[in-house]
Trainee: 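Input: one structure, supplied below.
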Amino acid sequence: MLNTGNERILIIAPHSDDEVLGCGGLIERACRLGNHVKVVIAALGETTFIHSGMKVTADIRKKELSDALSFLGCEDYEVMFEDKEGILDTIPQKQLVSKIDDILVSFKPSMVFIPYPSFHQDHKALFHACMASLRPQPHLNYKLIAMYEYPLIVWQYPRINNAGELFLDLGEKIDMKVEAMKMHVSQIRESQHLISPESIKKWAEKRGMENGSQYAEKYYILRAQLF
């Protein structure tokens, strides 16, 4: 489907860096083939990260996001809330759903990618809001609605068992995904951490083995339609 260059692909991510962790290869390929990719980040904000002890502002996170997406060929992105990182669950669900509804109506995507639910409160809140916004409605036909993953889903709650599997062969483009992640400088962890550059490559290799390729991204199909 990406080869036509006609798709409008919406990727909704809880925080800046989740878009690369889950969809870095997809973003690069879809943009390279001429499709329109839009990335929506739900929450940024000034945060002191435990792994580094650094205080990181929303402006720093936005600059990292811009650099990473530009490197992958994507220039269309927006941030829903610039002061809600870590507290997205304090926003009324109705407000979150309304914001996503507005984006769906204005962008008119043919494919939508949302985060696999995890233990993180922001991820949970965004997942439930996305599911509400993507409810079946007349005249809103998406070719594909799928969840993307990130290595931290090894600590899954809840586990989703009835979703179809979809793989994207990354091949040599795995290195571009890793380099894009490195542009999220404030998020880089030590090599043993699940979202370190080294672990990202190992995770892609693991998914590649499941798919008979060297490196891959894995997606979980929620709804798909043949046109």
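Nothing fancy with the numbering, it's 1 onward along the sequence.
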Trainee: Between the main-chain N or O of Gly86 and the side-chain N or O of Asp122, is there a donor-acceptor pair closer than 3.5 Å?
Mentor: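 Checked: pair present.
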Trainee: I'd like to know if the side chain of Ser199 reaches the main chain of His193, judged simply by a donor and an acceptor atom lying under 3.5 Å from each other, with no hydrogens or angles considered.
Mentor: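 It does hold such a pair.
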Trainee: When you measure from the side chain of Asn35 to the backbone of Asn6, do you find a donor-acceptor pair of N or O atoms at a distance under 3.5 Å?
Mentor: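 Confirmed, Asn35 side chain pairs with Asn6 backbone.
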Trainee: With a 4.0 Å cut-off on N to O distance, would you call Lys63 and Asp59 a salt bridge?
Mentor: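 Result for this pair is no, no salt bridge flagged.
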Trainee: Would you indicate whether the side-chain heavy atoms of Leu152 and Phe119 approach each other to under 4.5 Å?
Mentor: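 Phe119 vs Leu152: side chains touch.
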Trainee: Examine Lys177 relative to Tyr215 and say whether NZ or CZ is less than 6.0 Å from the centre of the six-membered ring and inside a 45° cone about the ring axis.
Mentor: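 The answer is no, since Lys177 fails at least one limit relative to Tyr215.
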Trainee: Would you call Asp76 and His36 a side-chain contact if the rule is heavy atoms closer than 4.5 Å?
Mentor: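 SC-SC contact between Asp76 and His36 confirmed.
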Trainee: Determine the sole option in Leu10, Val37, Ile103, Ile11 for which the side chain to side chain contact (heavy atoms under 4.5 Å, CB included) test with Pro109 is passed.
Mentor: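 That would be Leu10.
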Trainee: Determine whether the aromatic ring centres of residues Tyr150 and His123 are separated by less than 6.0 angstrom.
Mentor: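 Yes, close enough.
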Trainee: For Gln192, does its backbone N or O pair with a side-chain atom of Ser196 as donor and acceptor, under 3.5 Å?
Mentor: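 Side chain of Ser196 to backbone of Gln192: no pair is present.
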Trainee: Any cation-pi pair here, Arg207 with Phe167, using under 6.0 Å and within 45°?
Mentor: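 No cation-pi geometry.
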Trainee: Please say which of Met183, Glu75, Glu19 ends up in a side chain to side chain contact (heavy atoms under 4.5 Å, CB included) with Leu69.
Mentor: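 The option that passes is Glu19.
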Trainee: In plain terms, say whether Glu28 and Arg32 are close enough for a salt bridge, that is, a side-chain N and a carboxylate O under 4.0 Å apart.
Mentor: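 Looking at Arg32 together with Glu28, the answer is yes, because their closest N to O distance falls below 4.0 Å.
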Trainee: What I'd like to find out is whether the side chain of Val112 reaches to under 4.5 Å of the side chain of Leu104, using heavy atoms alone.
Mentor: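 The answer is yes, as the side chains (C-beta and beyond) meet within the 4.5 Å cut-off.
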Trainee: When you measure from the side chain of Asn211 to the backbone N and O of Ser213, does any donor-acceptor pair fall under 3.5 Å?
Mentor: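 No; judged by distance alone, with no hydrogens or angles, the pair does not exist.
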Trainee: Assess whether a salt bridge exists between Glu205 and Lys202, defined as any Lys/Arg side-chain N lying under 4.0 Å from an Asp/Glu carboxylate O.
Mentor: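 No, this pair does not count.
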Trainee: Using a 3.5 Å distance criterion without hydrogens, assess whether the side chain of Thr4 forms a donor-acceptor pair with backbone atoms of Met1.
Mentor: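 Yes; at least one donor-acceptor contact below 3.5 Å.
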Trainee: For the pair Asp101 and Arg135, find out whether any cationic side-chain nitrogen is under 4.0 Å from an anionic carboxylate oxygen.
Mentor: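 Salt bridge flag = yes for Arg135 with Asp101.
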Trainee: Hey, is the main chain of Glu217 close enough, under 3.5 Å, to the side chain of Tyr148 for a donor-acceptor pair?
Mentor: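 No, the answer is negative, given that no donor and acceptor are paired below the 3.5 Å cut-off.
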Trainee: Strictly distance-based, threshold 3.5 Å: is any side-chain N or O of Ser66 a donor or acceptor partner for the main-chain N or O of Lys62?
Mentor: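 Not confirmed, Ser66 side chain does not pair with Lys62 backbone.
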Trainee: Out of Tyr220, Phe127, Tyr142, Tyr219, which residue meets the ring-ring contact (aromatic ring centres under 6.0 Å, His included) rule with Phe113?
Mentor: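 Among Tyr220, Phe127, Tyr142, Tyr219, the one meeting ring-ring contact (aromatic ring centres under 6.0 Å, His included) with Phe113 is Tyr219.
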Trainee: Does a side-chain N-to-carboxylate-O contact under 4.0 Å join Arg61 and Glu82?
Mentor: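 Result for this pair is no, no salt bridge flagged.
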